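Note sheet for the following structure.
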Amino acid sequence: MISITSDPIDFGPAFTYLQTAEAGALDFFFGVVRDNTNAKAVEHLEYEAYDAMAISEMQKIADEATRRWQVLRYVIIHRKGELRIGEVAVLIGVATPHRADAFDACRYIIDTIKQTVPIWKKEFFSDGDMWVNATP
Amino acid sequence: MISITSDPIDFGPAFTYLQTAEAGALDFFFGVVRDNTNAKAVEHLEYEAYDAMAISEMQKIADEATRRWQVLRYVIIHRKGELRIGEVAVLIGVATPHRADAFDACRYIIDTIKQTVPIWKKEFFSDGDMWVNATP
Amino acid sequence: MYRKRTLLKLPVRYYLCAMNQSVSVLLFGITRELVGQSKLTCPLPAAARVSDLLDALKTQYPRLGDLKSLLVAVNNEYAEPDTRITSTDEIALIPPVSGG
Amino acid sequence: MYRKRTLLKLPVRYYLCAMNQSVSVLLFGITRELVGQSKLTCPLPAAARVSDLLDALKTQYPRLGDLKSLLVAVNNEYAEPDTRITSTDEIALIPPVSGG
């Protein structure tokens, strides 16, 4: 289950989807909007996505995770639009028979999302804004 | 927040408790009752705990995790009593500023719980039962 | 013959488990099932150590000796074999754990 | 003088960005802001490659050259500099990503 949404990310359906009788371990990673970056106060964020390609890149990552580890089910949900402090920007969930695979696969997915998926984060401060990693 | 409960584990309050403005990453591990162990069908489980000592040992683990990584908040909730397939036996949640610490701390906590905390699991099969790791 | 063996066993138990103090031992999981109760009382010498308790219990309940590990907690802490125990301590047997 | 410089620039743009085909380029994040629109059209030679498109755009929008990386996606896939592009491809500029 992979999606990009402008609405708040709902944990309940993600959890329900991951529950299968063979699953012994579920690992969920929530990326949350922090109130600061490099000690500078963040007021809010905006995420912009190249939706079709982002979905396609996230699918590649999920496929690779499923190839490397014994992944029974996964969810990847990325938020876009304006987010306030404390809101969930991304939710990754992985169900596996045993726990090591759940941690490894979940971590691989979020680490790789940050490297390859065409989604961009803009941080807004009291005195300006910047595209993370990109503003020269 | 550390507890042992006979009731189903409730995710909502755990999630709410972990949310602080400095938290950028939350990792949650759910240990779930699987339908099989070593390919043998499991019908249900029972967990028995030496409550006072189990809480004390979990507190040591949480303290050590907080010493090793930048843990803002944590929750450790372990279920006891009879559990059916698909029910959550243990929930670990860790909030950190950055994601590597969340994964590392969460994994350390569950790995160490399995080694040192006085809680015992009995698996029930159609033809008998056994205390995991302990039945000679 | 049967009666004689039973009588012969008694002094051994007496020597190991009937001395100057009496400690309560909490039992969990497989130890609770092997012993058939969730708490037992074991008489021990006044200066007894954890290892003395384990020796006494394994003699009285030989199946405890089949466990791949059997630790003792004293006042909610894992105890070493040479830790001294008294009747006011909270003592528990800790068979191999399997939480999580 | 001002007018002359403007006139001198035009042929350069024409050479780079006004040829046998015209490709649409989607813009996101900082590239959308630097260019000031979410989509642009760039004329290119018929056999143009990704590297030709980047050269043309960096000439026309020099601030794109200040980005620490600027990739091109063709039909939702990251493309190599020598990938050929045509007017029927969906093309997008991909500045450094920051999702997750």
Side-chain angles (χ1 to χ4, degrees), chain B residues 2-5 9 29-34 37 42 45-61 76-81 83 88-92 106-124 128-136, chain C residues 23-42 49-51 53-55 57-100:
Chain B
I2 296 176
S3 66
I4 295 173
T5 175
I9 292 174
F29 174 81
F30 293 78
V32 177
V33 180
R34 284 193 300 140
T37 184
V42 172
L45 288 187
E46 273 179 32
Y47 279 96
E48 184 172 334
Y50 180 13
D51 288 22
M53 182 176 172
I55 295 281
S56 161
E57 288 294 322
M58 290 193 284
Q59 187 64 58
K60 286 181 194 168
I61 296 168
I76 303 174
I77 308 174
H78 206 296
R79 181 92 181 269
K80 66 176 181 176
L83 276 79
V88 176
V90 62
L91 171 63
I92 315 294
C106 190
R107 191 168 189 161
Y108 169 81
I109 291 171
I110 183 63
D111 285 354
T112 315
I113 282 176
K114 286 178 177 271
Q115 292 163 15
T116 66
V117 175
I119 296 178
W120 298 274
K121 175 164 67 174
K122 190 175 191 178
E123 292 175 332
F124 291 80
D129 55 61
M130 68 173 289
W131 289 97
V132 176
N133 295 342
T135 297
Chain C
V23 299
S24 289
V25 181
L26 302 174
L27 303 169
F28 297 95
I30 196 167
T31 61
R32 179 176 51 72
E33 290 192 355
L34 291 177
V35 171
Q37 55 204 64
S38 61
K39 191 172 183 176
L40 63 76
T41 303
C42 181
R49 298 171 190 270
V50 160
S51 55
L53 173 68
L54 283 173
D55 289 345
L57 294 176
K58 286 177 180 174
T59 302
Q60 192 166 2
Y61 305 99
R63 292 176 67 194
L64 292 177
D66 297 337
L67 297 174
K68 69 182 171 192
S69 96
L70 184 59
L71 301 177
V72 172
V74 177
N75 300 324
N76 293 328
E77 300 282 345
Y78 285 104
E80 298 298 322
D82 64 354
T83 301
R84 287 193 192 276
I85 50 182
T86 73
S87 58
T88 58
D89 290 324
E90 179 172 311
I91 297 168
L93 292 188
I94 311 289
V97 301
S98 48

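Everything quoted here is computed from the prediction, not taken from an experiment. Naming convention: chains lettered A, B, ... in sequence-line order (proteins, then strands); numbering from 1 in each chain.
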| Is the CD atom of C/Glu80 crowded by more than 12 outside heavy atoms at less than 6.0 Å? | no

| Structural part of B/Lys122 lying under 4.5 Å from a heavy atom of chain C | side chain

Quick one: side chains of residues 90-100 of chain C, donor-acceptor pairs under 3.5 Å with protein atoms, not counting sequence neighbours, listed by atom name and distance.
unit_1: C/Glu90; atom_1: OE2; unit_2: B/Tyr50; atom_2: OH; d: 2.5
unit_1: C/Ser98; atom_1: OG; unit_2: B/Lys121; atom_2: N; d: 2.8
unit_1: C/Ser98; atom_1: OG; unit_2: B/Val132; atom_2: O; d: 3.4

| request: Counting only heavy atoms closer than 4.5 Å, note whether B/Trp131 contacts chain C via side chain, backbone, both or neither. | output: side chain

| note | So, the part of B/Lys60 with a heavy atom under 4.5 Å from chain C: the answer is side chain

| task | Provide the closest heavy-atom pair for C/Ala73 versus B/Met53 in the form atom of the first, atom of the second, distance. | result | CB-SD, 3.3 Å

| query | Does anything in residues 29-37 of chain C get under 4.5 Å of chain B by heavy atoms, and if so which residues? | reply | C/Gly29, C/Ile30, C/Arg32, C/Glu33

| query | So which part of B/Ala49 gets closer than 4.5 Å to some heavy atom of chain C, the side chain, the backbone, both or neither? | reply | backbone

| said: Using every non-hydrogen atom in the two residues, find where C/Thr86 and C/Asp89 come nearest and quote the distance to one decimal. | reply: N-OD2, 2.9 Å

| Heavy-atom closest contact (B/Val117 atom, B/Glu57 atom, distance) | CG2-CB, 3.9 Å

| said: For B/Ala52, is there any backbone N or O sitting under 3.5 Å from a side-chain donor or acceptor partner on B/Ser56? | reply: no

| said: When you measure from the side chain of B/Asp111 to the backbone of B/Tyr108, do you find a donor-acceptor pair of N or O atoms at a distance under 3.5 Å? | reply: no

| query | How are the rings of B/Tyr47 and B/His78 set relative to one another: parallel (under 30°), tilted (30 to 60°) or perpendicular (over 60°)? | reply | perpendicular

